[in-house]
Q: 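I am attaching a structure below and will ask some questions about it afterwards.
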Amino acid sequence: MPLLRTTRSLRTTVLAGLLLSGTALVPMASATATATPLYKNPHARVADRVTDLMARMTLDDKVGQMTEGERGAATPAQSAAARLGSILSGGGSTPTPNTPQAWADMIDAYQRAATSTGLGIPIIYGADTVHGHNNVYGATVFPHNIGLGAANDPQLVEKIGAITADESAATGVKWGFAPCLCVARDDRWGRTYESFGEIPRNAVENSVVIEGLQGRSLGDPTSIMATAKHFIGDGGTTGGVDQGNTQISLDELRRIHLPPFQAAVNHGVGSVMISFNSWNGVKDHGNKFLITDLLKGELRFSGYVISDWNGIDQIDGQEGFTPSEVKQAVNAGIDMIMVPNDYLKFVSTLKAEVLNGHIPMARIDDANRRILTKKFELGLFEHPYTDRSLQKDFGSAAHHAVARQAVRESQVLLKNDGVLPLAKTNNKIFVAGKNANDMGNQAGGWTLTWQGQSGERVIPGTTVLDGIKAGAGKGTVVTYDRAGGGIDSSYRVAVAVVGETPYAEGQGDRPNGLGLDAEDLALVGKLKASGVPLVVVTVSGRPLDISAQLPSIKGLVAAWLPGSEGAGVADVLYGDYNPTGKLSFTWPKSSSQEPINAGDGKQGLFPYGYGLSYRRHHR
């Protein structure tokens with residue numbers, strides 16, 4: 001076979017040379033002659049395929065590849081007509097019905113339209129895969145990153161990445177906007193739960209999720225391309241203000257916020273998303289030093305850079321994007337621009353900025369080479385359509401079992417005055433609180449919709465109450481009342497599941513403190529007054545201010561945002577699993593201590609790395 005391979009290689013090289021030189025190819029009658037362009041040859045080197053394809057592309061083709069629109073604003077026909085390189089689903093932007101089959105039908109329609117154009121370049125479809133394939137009903141919803149940071153089990157996190165990729169690919173989504181590798185330094189920030197921890201090591205060690213998402217090869221059917229986000233400094237804004245100003249030195253930026261991105265590049269991450277925040281007053285989306293010099297130069301990132309949602313609009317502080325902003329963002333090094341609705345205006349603006357000399361053609365070609373390389377590596381040219389055979393495992397029992405393991409490992413036992421673990425037999429347990437029986441609350445933001453929503457059965461799975469009831473053995477009675485009505489001294493223990501309700505970026509900022517809300521405070525007061533020993537479980541996206549309540553609490557467990565498997569919380573409460581979670585955030589004595597982080601000399605209520613276990617061993 002070597003001779004055959006050499007002959008084919010020689011023929012390919014000659015063909016490529018003719019194409020690049022612009023020489024016309026005369027059809028031949030020979031059986032060995034082929035009219036198939038080199039870029040369509042799956043056996044050719046990716047770099048050669050990209051070169052060949054780019055030689056055939058017009059400026060319209062190239063600016064289109066650099067543009068990402070939202071499914072709600074661009075039909076398949078409109079997307080193909082504009083030659084868009086990518087389509088995304090924003091949070092909660094789903095087909096009807098919201099099923100894997102409907103997703104596959106929708107995405108395949110975009111691919112049919114794209115591949116029927118002259119060059120047949122497929123789109124890449126992107127969606128937020130923040131804690132599983134969280135836009136799709138029935139997907140396995142894992143704990144948010146703050147819980148996974150407390151679990152401190154990178155191998156498990158890699159497995160979660162692989163399951164997320166499998167379920168995403170089953171719907172046609174081959175590009176996930178995850179992981180968030182932010183280092184959250186102020187718990188008042190509304191995206192704190194998307195952070196693995198307050199020190200770089202938490203994100204560095206868990207960046208192995210990229211290996212799970214991307215698999216051994218991007219071309220594998222169950223692989224999707226990962227996105228390291230948000231570059232850079234989003235967790236370090238002054239006051240924890242979302243999209244705010246990160247006022248720190250370059251040295252601190254390198255020391256705290258850069259290491260997770262170096263780790264992501266080492267893992268071969270396919271894309272990096274730029275952050276909304278500013279660094280010392282300059283928006284990241286227009287900062288050439290950060291994107292070109294630091295990320296692409298120093299870190300040697302070879303994938304492509306994507307903007308955040310309408311991120312280029314914010315460079316000048318005014319609503320909407322201008323030619324100047326397009327020029328600044330693209331020249332700064334952004335390769336693909338997420339313009340959900342105004343993609344036609346963006347395409348025409350970008351083209352005009354190239355034609356008037358404000359953006360060099362070399363920058364356009366660099367962006368296209370990066371984007372097309374990933375599309376070839378993903379196998380989209382050979383396999384643009386959804387592999388529906390993967391849908392048999394979507395939301396499977398095996399996937400849910402991994403999610404439940406992640407919940408168990410993420411529980412942090414903060415206080416235990418002999419009340420935990422709960423006896424499974426001959427016990428009388430009173431359960432209360434707004435988060436005891438609410439799937440929406442325990443899943444948090446980025447669940448079916450952008451901000452998430454409260455609701456007992458928003459997604460399939462088990463609530464904390466479900467788990468407590470299911471785990472109860474012979475002779476044990478479990479009573480539930482959200483507001484604590486009906487409790488009396490006959491109960492041996494009360495479990496109050498309190499904390500936050502869903503939120504995401506922007507709406508999740510809490511500049512006025514991290515205390516329990518009025519409903520939680522009333523409940524804790526009522527249960528305390530009953531004299532029944534009280535266990536408090538906090539379901540939240542960050543540490544909460546509970547110092548005033550702590551003396552009256554016999555047991556305290558931080559459950560974070562566990563996702564679809566609330567029964568994993570009960571596994572630990574009952575002692576079926578010994579708690580192993582450790583704080584990846586310093587727990588403040590009061591909100592006035594914010595920002596508080598390991599090594600800053602401040603004494604929190606519970607230090608970074610804190611977490612108790614039960615004295616006696618449980619399996």
Side-chain angles (χ1 to χ4, degrees), residues 408 411-439 441-442 454 456 462-501 515-540 544-559 562 566-579 587 605-606 612-616 618:
R408 289 195 297 260
Q411 303 304 291
V412 182
L413 178 62
L414 295 171
K415 181 177 180 180
N416 187 20
D417 285 351
V419 71
L420 290 170
L422 303 175
K424 299 188 78 168
T425 58
N426 301 314
N427 201 354
K428 193 173 183 186
I429 306 169
F430 192 94
V431 182
K434 66 175 184 286
N435 292 343
N437 197 37
D438 193 300
M439 294 294 301
N441 286 359
Q442 74 184 35
S454 299
E456 184 177 330
T462 56
T463 64
V464 178
L465 177 65
D466 292 334
I468 293 174
K469 285 182 172 179
K474 187 177 180 181
T476 290
V477 174
V478 176
T479 303
Y480 167 71
D481 184 84
R482 173 171 170 154
I487 191 168
D488 59 45
S489 59
S490 70
Y491 289 92
R492 292 177 58 189
V493 64
V495 179
V497 190
V498 300
E500 296 185 313
T501 53
L516 299 178
D517 65 17
E519 180 179 357
D520 288 345
L521 291 173
L523 174 66
V524 170
K526 180 182 288 188
L527 297 179
K528 176 188 173 186
S530 74
V532 176
L534 176 59
V535 174
V536 168
V537 177
T538 58
V539 171
S540 67
L544 299 177
D545 187 348
I546 53 169
S547 292
Q549 292 75 43
L550 193 61
S552 61
I553 296 171
K554 294 289 187 185
L556 177 61
V557 176
V569 179
D571 289 339
V572 172
L573 293 176
Y574 278 125
D576 290 339
Y577 291 83
N578 203 15
W587 197 292
L605 186 63
F606 303 107
L612 304 172
S613 293
Y614 299 141
R615 287 191 181 89
R616 64 183 187 272
H618 294 265

Q: Any side-chain to backbone donor/acceptor pair from Thr476 onto Asn426? Under 3.5 Å, distance only.
A: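 Yes, Thr476 side chain to Asn426 backbone: donor-acceptor pair under 3.5 Å.
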Q: Hey, does Val539 have a side-chain heavy atom less than 4.5 Å from the side chain of Pro562?
A: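 Contact flag for Pro562/Val539 side chains = yes.
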Q: Side chains of Thr479 and Asp481, heavy atoms from C-beta outward: is any pair under 4.5 Å?
A: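 No - every pair of side-chain heavy atoms lies 4.5 Å or more apart.
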Q: Looking at every non-hydrogen atom in both residues, tell me the closest pair between Tyr491 and Gly486 and how far apart they are.
A: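 Minimum heavy-atom separation between Tyr491 and Gly486: CE1-O, 4.1 Å.
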Q: Taking side-chain contact (heavy atoms from CB on, under 4.5 Å) as the definition, give me every residue that meets it alongside Leu521, ordered by chain and number, with sequence neighbours left out.
A: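 side-chain contact (heavy atoms from CB on, under 4.5 Å) check on Leu521 returns Leu516, Gln549.
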Q: Which residue pairs pass the ring-ring contact (aromatic ring centres under 6.0 Å, His included) test when at least one of the two sits in residues 465-486, sequence neighbours left out?
A: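 Checked against ring-ring contact (aromatic ring centres under 6.0 Å, His included) - neighbours excluded - no pair reaches residues 465-486.
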Q: Does the side chain of Val572 come within less than 4.5 Å of Tyr614's, by heavy atoms?
A: yes
Q: For the residue pair Val569 and Val537, establish whether any side-chain heavy-atom pair is separated by less than 4.5 Å.
A: yes
Q: Would you call Arg408 and Asp576 a salt bridge, taking side-chain N to carboxylate O under 4.0 Å as the test?
A: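 No, this pair does not count.
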Q: Using a 4.5 Å cut-off on heavy atoms from C-beta on, say whether the side chain of Asp488 contacts that of Phe430.
A: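 Answer no - side chains too far apart.
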Q: Of Val493, Val557, Ile429, which meets side-chain contact (heavy atoms from CB on, under 4.5 Å) against Leu573?
A: Val557
Q: Which pair of heavy atoms, one from Pro533 and one from Val419, lies closest together, and at what distance?
A: CB-CG2, 4.1 Å
Q: With sequence neighbours excluded, give me every side-chain hydrogen bond (donor to acceptor under 3.5 Å, both in side chains) pair touching residues 427-436.
A: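 Only Lys428-Ser490, Lys434-Asp517, Lys434-Asp520, Asn435-Asn441 qualify under side-chain hydrogen bond (donor to acceptor under 3.5 Å, both in side chains).
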Q: About how many Å separate CG of Asn437 and CD of Glu456, when rounded to the nearest 0.5 Å?
A: 4.0 Å
Q: Could I get the full list of salt bridge (Lys or Arg N to Asp or Glu O under 4.0 Å) partners for Arg492, not counting sequence neighbours?
A: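 Scan of Arg492 (salt bridge (Lys or Arg N to Asp or Glu O under 4.0 Å), adjacent residues dropped) gives none.
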Q: Is the closest side-chain heavy-atom distance between Leu534 and Lys554 below 4.5 Å?
A: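 Contact flag for Leu534/Lys554 side chains = no.
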Q: Using the salt bridge (Lys or Arg N to Asp or Glu O under 4.0 Å) criterion, which residues pair with Glu519? Sequence neighbours excluded.
A: Arg482
Q: Can Arg615 and Asn416 be said to form a side-chain contact (heavy atoms from CB on, under 4.5 Å), step by step?
A: CA-CA 10 Å; Arg615 287 191 181 89; Asn416 187 20; 5.6 Å; no
Q: Run the side-chain hydrogen bond (donor to acceptor under 3.5 Å, both in side chains) test against Asp545 and tell me which residues pass, sequence neighbours left out.
A: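 Counting only residues at least two positions away or on another chain, Asp545 forms no side-chain hydrogen bond (donor to acceptor under 3.5 Å, both in side chains).
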Q: Report the residue from Leu550, Val536, Leu605 that forms a side-chain contact (heavy atoms from CB on, under 4.5 Å) with Lys415.
A: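 Of all the options given, the one that passes is Leu550.
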Q: Is any side-chain heavy atom of Leu422 closer than 4.5 Å to one of Val495?
A: yes
Q: So do the side chains of Val532 and Leu527 get within less than 4.5 Å of each other, counting heavy atoms only?
A: no
Q: Going from CD on Gln442 to CG on Leu465, what distance comes out if it is rounded to the nearest 0.5 angstrom?
A: 10.5 Å
Q: Output yes when a side-chain donor or acceptor of Thr462 lies under 3.5 Å from a complementary backbone atom of Ala567, and no otherwise.
A: yes
Q: Quick one: pull up OG in Ser454 and CG in Asp438 and give me the separation to the nearest 0.5 Å.
A: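 One finds 5.0 Å between OG of Ser454 and CG of Asp438.
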Q: If every non-hydrogen atom of Ala483 is compared with every non-hydrogen atom of Lys526, which pair is closest and at what distance?
A: O-NZ, 3.3 Å
Q: Using modelled atom types only, decide if a donor and an acceptor are shared between the side chain of Asp571 and the backbone of Tyr574 within a distance under 3.5 Å.
A: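 The answer is no, because no donor-acceptor pair under 3.5 Å joins these two groups.
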Q: Calculate, to the nearest 0.5 Å, the distance between atoms CG and CD1 belonging to Asp417 and Ile553 respectively.
A: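 CD1 of Ile553 is found 10.5 Å from CG of Asp417.
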